[in-house]
Amino acid sequence: MRRHPRRGEAGRGVTQASSPQAPSARGAEVGRRIGVGLMYGFWKPRVLGAWKVPATGPVIFAVNHSHIIDGPMVIGVAPRPSHFLVKKEAFVGPLAPFMHAVGQVQVDRSIADRTAITRALGVLENGGVLGIFPEGTRGEGDFASLRAGLSYFAVRSGAPIVPVAVLGSTEKRGRLIKGLPPLRSRVDVVFGDPFEAGDGSGRRTRTALDEATVRIQKQLTAHLENARRLTGR
């Protein structure tokens with residue numbers, strides 16, 4: 001089984017440019033800088049636990065999803081540039097080339113999208129950060145129902161998962177734009193401790209993925225409960 005770089009290890013010289021299948025790392029950094037300006041300009045993010053994100057090497061952000069701004073918020077406040085798996089329906093009009101340019105990964109949720117899978121694995125193979133909404137779609141944001149995609153990428157790559165809780169994005173509706181939180185309102189983003197999804201055996205069978213999903217759900221649920229205690233939300 002291919003060993004992923006230890007936390008704090010530089011990845012032995014592997015760079016994003018080594019895989020033509022991976023989205024642009026430089027684009028993701030541009031996207032992060034844009035996100036910093038927008039998220040801190042319109043709202044008041046409070047970020048907890050960012051120091052827990054490994055400084056180098058492949059990482060998967062597992063983010064709860066209850067509002068459209070959750071992804072951009074994490075992109076803007078995370079300590080590293082990230083590439084999120086984003087449903088193809090979001091790639092419309094002038095937004096499509098922009099999303100590609102800032103390194104996000106378009107995925108067709110109705111099929112086993114091999115192109116998206118290859119590009120996402122390319123991010124991890126090159127030591128990047130892959131962002132996933134494991135619930136698959138916006139909902140209560142409580143990690144109550146997880147799709148198998150997160151466990152597949154975690155077990156296949158060996159990358160550690162960092163749970164991320166976004167809280168406060170749905171508490172109130174803005175006056176100017178009803179679909180967004182009120183301007184200058186506080187949104188909490190809490191990063192948790194990295195953990196391994198696999199059992200160490202390197203197995204990639206259906207049973208191994210199912211077992212990994214159970215482990216992941218327990219970790220994510222525990223992190224969300226802790227995040228709510230920390231933030232009072």
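FYI, the numbering just counts along the sequence from 1. Computed over heavy atoms, backbone and side chain alike; hydrogens, waters and symmetry mates excluded.
By the side-chain contact (heavy atoms from CB on, under 4.5 Å) test, Arg206 is found to be paired with Ala148, Leu209, Asp210, residues two or more places apart in sequence or in another chain being considered. Every side-chain hydrogen bond (donor to acceptor under 3.5 Å, both in side chains) that Ser151 has, sequence neighbours left out, goes to Thr213. Contacts of Arg114 classified as side-chain contact (heavy atoms from CB on, under 4.5 Å), with partners at least two apart in sequence or in another chain: none. In this structure, the salt bridge (Lys or Arg N to Asp or Glu O under 4.0 Å) partners of Asp188, at least two apart in sequence or on a different chain, are Arg46, Arg186, Arg233. Listed by chain and number, the residues in a ring-ring contact (aromatic ring centres under 6.0 Å, His included) with Phe153 amount to none (sequence neighbours excluded). Taking Asp108 as the reference, Lys88, Ser110 meet the side-chain hydrogen bond (donor to acceptor under 3.5 Å, both in side chains) condition, with sequence neighbours excluded. Residues satisfying the side-chain hydrogen bond (donor to acceptor under 3.5 Å, both in side chains) criterion with Gln219, sequence neighbours excluded, are absent altogether. Evaluation of the side-chain hydrogen bond (donor to acceptor under 3.5 Å, both in side chains) rule for Thr207 yields no partner, not counting sequence neighbours.
Between Phe84 and Phe133, the ring planes lie tilted relative to each other; the angle falls in the 30° to 60° range.
From Gln104, atom CD reaches atom CE of Met99 across 6.0 Å, with rounding to the nearest 0.5 Å. Residue Asp70 holds its CG atom at 6.0 Å from CG of Asn64, rounded to the nearest 0.5 Å.
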Could you pull out all donor-acceptor pairs under 3.5 Å where a side-chain atom in residues 89-98 meets a protein atom, sequence neighbours excluded?
none

Donor-acceptor contacts under 3.5 Å from residues 27-42 side chains, at least two apart:
unit_1	atom_1	unit_2	atom_2	d
Glu29	OE1	Arg32	NE	3.2
Glu29	OE2	Arg32	NH2	3.2
Glu29	OE2	Arg33	NE	2.9

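Under the 4.5 Å side-chain criterion, counting only non-hydrogen atoms from C-beta, Pro79 is not in contact with Val47. Between Phe61 and Phe191, some side-chain heavy-atom pair lies under the 4.5 Å cut-off. In this structure, Leu180 and Ile68 have side chains that are in contact, with non-hydrogen atoms separated by less than 4.5 Å. Here the side chains of Met73 and Ser169 are not in contact, with every heavy-atom distance at 4.5 Å or above.
For residues 47-57, the pairs satisfying salt bridge (charged side-chain N to carboxylate O under 4.0 Å, His left out) are Lys52-Asp193, with sequence neighbours left out. Residue pairs meeting the salt bridge (charged side-chain N to carboxylate O under 4.0 Å, His left out) criterion with at least one partner in residues 211-222, sequence neighbours excluded, are Arg203-Glu211.
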### Worked verdict on Val190 versus His223 for side-chain contact (heavy atoms from CB on, under 4.5 Å)
CA-CA 9 Å; Val190 185; His223 170 66; 3.8 Å; yes
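The minimum heavy-atom distance between Leu220 and Pro134, with the atom names listed, is CD1-CG, 4.0 Å.
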